[in-house]
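Chain naming here is simple, since letters A, B, ... match the order of the sequence lines and numbering starts at 1 in each.
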Amino acid sequence: MPDPTRILLPAREYNLAATLNSGQTFRWRSGEEGWEGIVGDRWVRLRAVREGIAAETAAPQTDWTWLERYLQTRVELPRILATFPADEPICAAIEACRGLRLLRQDPWECLASFICSSTKQIVQIAQIISRLCARFGEPVAVPAGQTPAFAFPSARRIAALAEADLRACQMGFRAPHLLAAAHRVARGELSLDRLQRLDTPSARAGLMTLPGVGPKIADCVLLFAYGRQDAFPLDVWVTRALCELYFSGRRVPPARLREFGQQHFGPFAGYAQQYLFHYIRIHRRGPTGQNRGRT
DNA sequence: TACCAGGAGAGCG
DNA sequence: CGCTCTCATGGT
C-alpha cells in the first residue's frame, strides 16, 4: 500500500542541489535526509535518486501536480539546452552544473524575496527571508520531531506590518520597498494573477512600477515565477560572466548585454543566464572556498 | 580591515 | 545618455 506522504517524481538529468542552491530560491536547507523546504503551505523533503526525485510531505497528498510544477520535473532539459549555440563558454557552463533547472515559484514569494535581494549576498538574503517567515508567516504542519516551519507571509500580512517590523528582519533600506509593494499587491492595485496573462514586456513594465523593482528584479520574477524563459536577469555575476566570456573583458553597458543575451541564446536565454550565473560563481570562489579575488 | 553583495533611484552634466 | 552617490547590513 503506497504511502500518501511520499512519491517518486520521474526525472532525467535533474541536478537537485544546483537547482535549489543557485540563487533562484532561498529557503531550502540540506539535511541528513535530503533537502527540506516549504512550497506554498506545505513542508517538503526532497532527495535525488536514480529515477528522479523522491519527495516526502508532512500531510497525505492525493495530487502532486503542485510539486511537479514547482520542480518542473516534466520539462525536457536536453531539448532546451540543444537550442543554445554550441560556443565554448556556454558549453563549459552547462558541463559545470549539468541538470540545473529553473523552478516555477509563487509570484508573491519570488517578488518579495528579490526585493530583499538587492546588493545582498545569497546567504544574507536567506537569513532575511528566514526571519521574515519565522516572525510573520503562518505555521505549517511538519513531521513529528521536525523543527517548526512557516509559510512565506502573504502580501496582506506584510501590508499590515510597520516598516520597523520589516527592518527588524535586517533588510535595511529594502524594508520600505517591500512594505509599499505589499500594499500595492494587497490592495489589488497590481494584480500578480493578471500579470500572468500579459505579454512579457507588459508584465515587466507592471512589475517595475513597484518601488525597489527595477529591470533586474523584474526579470528574476518573470523568469523564476512566471515561466518567461527568455527573461534575462543581469546581476553583477552575469554581467561579469558575459563581459569576460563573450566580450574579452571589456565593459559593456547593461542594455547591450541584455540584448546580446537574448539574441545569442534565444527563447531560453533565461536558462543560459542561470547556467552562467552558477558557473561563474563556482569558479570564482573555487570548489573549496579559496581562489577568491580578481584574476 | 577593506571590499563587496543576484540593485534601484535620484541627481548631475 | 552615462556617471556617481546613497541606502543597510554583514560575509569573507
Side-chain angles (χ1 to χ4, degrees), chain A residues 18-28 93 97 100-103 105 109-132 162-181 184 190 204-226 228 231-244 250-259 261 269-295:
Chain A
T19 298
L20 299 180
N21 201 21
S22 59
Q24 37 177 338
T25 180
F26 305 100
R27 300 194 65 198
W28 291 91
C97 42
L100 169 63
R101 307 222 178 189
L102 292 177
L103 298 169
Q105 303 180 53
E109 174 169 349
C110 186
L111 171 62
S113 296
F114 277 94
I115 287 176
C116 296
S117 78
S118 63
T119 32
K120 276 288 176 198
Q121 299 181 153
I122 290 176
V123 280
Q124 292 185 340
I125 302 167
Q127 290 167 1
I128 290 168
I129 292 172
S130 174
R131 284 187 282 261
L132 186 67
E163 185 181 315
D165 297 325
L166 296 177
R167 282 188 182 266
C169 298
Q170 308 306 112
M171 66 178 73
F173 61 82
R174 303 152 195 85
H177 296 158
L178 178 58
L179 185 57
R184 294 218 23 225
L190 182 73
R204 189 170 191 257
L207 289 167
M208 286 177 62
T209 64
L210 295 171
V213 180
K216 189 271 176 181
I217 291 176
D219 284 335
C220 283
V221 177
L222 290 173
L223 184 61
F224 301 143
Y226 286 101
R228 310 300 171 100
F232 200 81
L234 266 180
D235 75 320
V236 290
W237 293 98
V238 175
T239 299
R240 202 170 288 161
L242 290 176
C243 290
E244 287 182 9
R250 278 180 290 129
R251 302 198 311 123
V252 181
R256 222 181 291 265
L257 282 181
R258 185 166 167 270
E259 172 69 13
Y271 255 95
Q273 172 276 153
Q274 195 64 16
Y275 276 87
L276 290 171
F277 175 78
H278 200 247
Y279 174 63
I280 196 163
R281 291 185 78 249
I282 288 171
H283 282 71
R284 273 313 182 94
R285 285 180 316 193
T288 52
Q290 61 268 55
N291 191 24
R292 293 180 251 114
R294 292 145 287 285
T295 36

**Request:** Describe the nucleic acid contact of A/Gln124 in one word from base, sugar-phosphate, nothing, applying a heavy-atom distance below 4.0 Å.
**Result:** base
**Asked** Contact class for A/Arg167 (heavy atom, under 4.0 Å): base, sugar-phosphate, or nothing?
**Response** sugar-phosphate
**Request:** Check for a donor-acceptor pair, side chain of A/Glu259 on one end and backbone N or O of A/Arg256 on the other, with a separation under 3.5 Å.
**Result:** no
**Request:** Would you list the pairs meeting salt bridge (charged side-chain N to carboxylate O under 4.0 Å, His left out) in which at least one residue belongs to residues 115-130 of chain A, sequence neighbours left out?
**Result:** none
**Request:** With sequence neighbours excluded, tell me which residues meet side-chain contact (heavy atoms from CB on, under 4.5 Å) with A/Ser22.
**Result:** A/Gln24, A/Leu100, A/Gln274, A/His278
**Message:** Tell me every residue that passes side-chain hydrogen bond (donor to acceptor under 3.5 Å, both in side chains) with A/Arg167, counting only those two or more places apart in sequence or in another chain.
**Reply:** A/Glu163
**Prompt:** Mind checking what makes side-chain contact (heavy atoms from CB on, under 4.5 Å) contact with A/Thr25, not counting sequence neighbours?
**Reply:** A/Trp28, A/Tyr70, A/Leu103, A/Gln105
**Complete:** Between CZ of A/Arg174 and C1' of C/dG10 the distance, given in whole Å, is 11 Å
**Prompt:** Within this structure, what is the CD1-to-C1' distance between A/Ile128 and C/dT9, rounded to whole angstrom?
**Reply:** 8 Å
**Prompt:** How many Å lie between CG on A/Leu179 and P on C/dC7, as a whole number?
**Reply:** 20 Å
**Prompt:** Can you tell me if the side-chain N/O atoms of A/Arg240 get under 4.0 Å from OP1 or OP2 in B/dA5?
**Reply:** yes
**Item:** Protein-nucleotide distance (A/Leu257, atom CG; C/dG2, atom P), rounded to Å
**Value:** 12 Å
**Request:** Pick the C1' atom in B/dG6 and in C/dG2, then give their distance to the nearest Å.
**Result:** 23 Å
**Request:** Would you kindly give the CE-to-P distance between A/Met171 and C/dG10, to the nearest whole Å?
**Result:** 13 Å
**Request:** Indicate for each nucleotide in nucleotides 6-13 of chain B, in 5' to 3' sequence, whether protein heavy atoms under 4.0 Å reach the base (B), only the sugar-phosphate (S), or nothing (-).
**Result:** BBSS----
**Message:** Test of understanding: with side-chain contact (heavy atoms from CB on, under 4.5 Å), list the residues that count as partners of A/Val236, not counting sequence neighbours.
**Reply:** A/Arg240
